[in-house]
Undergrad: 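One structure is given below, represented as structure tokens, and several questions about it will come after.
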2 protein chains.
Amino acid sequence: MAKPPKENSPITEHLAYLLAQANREINRQLEVRLSKEGVPVEQWRILKVLSDGNGHSMGELADAVLLNHPTLTKMIDRMVSDALVYRVQDPTDRRKVLMFVSDRGKALSKRLNTLAVSQEEHIVESYGGKSTNELKRLLESLIDSSN
Amino acid sequence: MAKPPKENSPITEHLAYLLAQANREINRQLEVRLSKEGVPVEQWRILKVLSDGNGHSMGELADAVLLNHPTLTKMIDRMVSDALVYRVQDPTDRRKVLMFVSDRGKALSKRLNTLAVSQEEHIVESYGGKSTNELKRLLESLIDSSN
DNA sequence: CTTCAATTCTTGAATATTCAATATTTTCAA
DNA sequence: TTGAAAATATTGAATATTCAAGAATTGAAG
């Protein structure tokens, strides 16, 4: 039952490749939707994570939104300029910076979520709800098994 | 049965996010393996695709290896310097450039494949052969349904 | 306590990617 | 057959990402 690809089998049989391809495609579609608000996918992730209203440290946030620390720092700089988020020094550990979403950021986040949800609805339509749920379940457990 | 995320559900319930997360994780693992040969994942893809021995145009290749044209051009420049691949102008359509893999490139490709296969074997061990195959099948059909 | 190592975030330089424009060749309609 | 439009690949400038180093704070061992 276990069938890793053979040495000479096409690249399209590698899990790593299929994941990259699927991710690229879905990400591109999402990008198109979000471009209505002129915002990259990463900013949607950031706003979504911060929208729980709690402060999140840069380290936490970087993990959650799948960005390296320096990349996140620079993206947050831009978002601060756009008044979408703001920094507060963590009073209990002054090495840390806690990020919060502004009202403006919350409003944008809401609009972005609508767009993201509508994308997923579109996927569910063409791909099927059952497949979508199975795929999600399998991805979650792959991620779990990789830690 | 169809359950797209609600507006306020966590980002971890979005297919787009799960794909990005899984891809990031698996890609990172592969990167570690391939670093033994000092080669980025994209070069593995390129060498693998070219290893069928046929000439592939830059356009074809860019699609196959999931890179934009200019990015591919520059990566190929490096690989030409490293004598892994070479360019030939397509005699039947001189707008096109056909890429071929050199002997040195073939040898490297073989070693890279061993590493990539061993990664997938490792995934199969911890994640299970059944899950791996199901996941691959679902990813393939997601990709199909997105065209 | 004090000092040294670890943690957290940011910065700057090096590197890579992307966007828009260019050059070349082919296609095809008039 | 000619000339305009489309297709293909590359280039250069603008942008973004990454790597390595730095600054500030905390933790913890002696």
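Worth saying up front: this structure is predicted, and the values here are computed from it rather than measured. Within every chain, numbering begins at 1; the chains are lettered A, B, ... in the order of the sequence lines, protein sequences first and strands thereafter. Values reported hereafter were calculated over all heavy atoms of this structure, with side chains retained and with hydrogens, waters and symmetry mates removed.
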Undergrad: Can you see if the side chain of Ser57(B) gets near the phosphate of dT8(D) - specifically, an N or O under 4.0 Å from OP1 or OP2?
TA: no
Undergrad: Nearest whole Å is fine: how far is dT18(C) P from Glu42(A) CD?
TA: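 It works out to 11 Å between those atoms.
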Undergrad: Do any N or O atoms from the side chain of Asn68(B) and from the backbone of Pro70(B) form a donor-acceptor pair under 3.5 angstrom?
TA: no
Undergrad: Would you please confirm or rule out a distance under 4.0 Å between OP1 or OP2 of dT17(C) and any side-chain N or O of Asn68(B)?
TA: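 Looking at the OP1 and OP2 atoms of dT17(C), neither is under 4.0 Å from any side-chain N or O of Asn68(B).
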Undergrad: Quick one: Leu61(A) CG to dT10(C) C1', roughly how many Å, whole number?
TA: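 Checked: the CG to C1' distance equals 15 Å.
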Undergrad: Using heavy atoms and a sub-4.0 Å distance, could you list which residues of residues 31-38 of chain A are near DNA chain C? By number, please.
TA: none
Undergrad: Can you tell me how far the CD atom of Glu25(A) sits from the CG atom of Leu66(B), to the nearest 0.5 Å?
TA: 10.5 Å
Undergrad: Would you call the rings of His14(A) and Trp44(B) parallel, tilted or perpendicular, taking 30° and 60° as the class edges?
TA: perpendicular
Undergrad: Distance-only, no hydrogens or angles: does the Ser51(A) side chain make a donor-acceptor pair with backbone N or O of Leu47(A) under 3.5 Å?
TA: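 Side chain of Ser51(A) to backbone of Leu47(A), a donor-acceptor pair under 3.5 Å: yes, one is there.
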Undergrad: Roughly, in whole Å, what's the span from CG in Leu67(B) to P in dC19(C)?
TA: 14 Å
Undergrad: Can you tell me which nucleotide in dA9(D), dA20(D), dT18(C) comes closest to the side chain of Pro70(A)?
TA: dA20(D)
Undergrad: Salt bridge check: are Asp77(A) and Lys74(A) linked by an N-O gap of less than 4.0 Å?
TA: no
Undergrad: For His69(A) and dA16(D), what is the distance between atoms NE2 and C1' respectively, to the nearest whole Å?
TA: 18 Å
Undergrad: Find out whether Thr114(A) and Lys110(A) are in side-chain contact, i.e. whether some heavy atom of one side chain is under 4.5 Å from a heavy atom of the other.
TA: no
Undergrad: Given atom CG of Leu72(A) and atom C1' of dA16(D), what is their separation to the nearest angstrom?
TA: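 The answer, rounded to whole Å, is 14 Å.
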Undergrad: For the pair Arg33(B) and Glu120(B), find out whether any cationic side-chain nitrogen is under 4.0 Å from an anionic carboxylate oxygen.
TA: no
Undergrad: If two hydrophobic side chains count as joined below 4.5 Å and joins carry through other members, does Leu142(A) share a cluster with Leu142(B)?
TA: yes
Undergrad: Ignoring backbone atoms, establish whether Thr71(A) has a side-chain N or O less than 4.0 Å from OP1 or OP2 of dT17(D).
TA: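 For Thr71(A), the contact criterion (side-chain N or O under 4.0 Å from OP1 or OP2 of dT17(D)) is not met.
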Undergrad: For the side chain of Ser102(B) and the backbone of Ala83(B), is there at least one donor-acceptor N/O pair under 3.5 Å apart?
TA: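 Such a contact is found between Ser102(B) side chain and Ala83(B) backbone.
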Undergrad: Which of residues 74-97 of chain B have a heavy atom under 4.0 Å from DNA chain C?
TA: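 Those residues whose heavy atoms fall under 4.0 Å from DNA chain C, taken from residues 74-97 of chain B in numerical order, are Lys74(B), Arg78(B), Asp93(B), Arg94(B), Arg95(B).
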Undergrad: Given atom CE of Met58(A) and atom P of dA23(D), what is their separation to the nearest angstrom?
TA: 19 Å
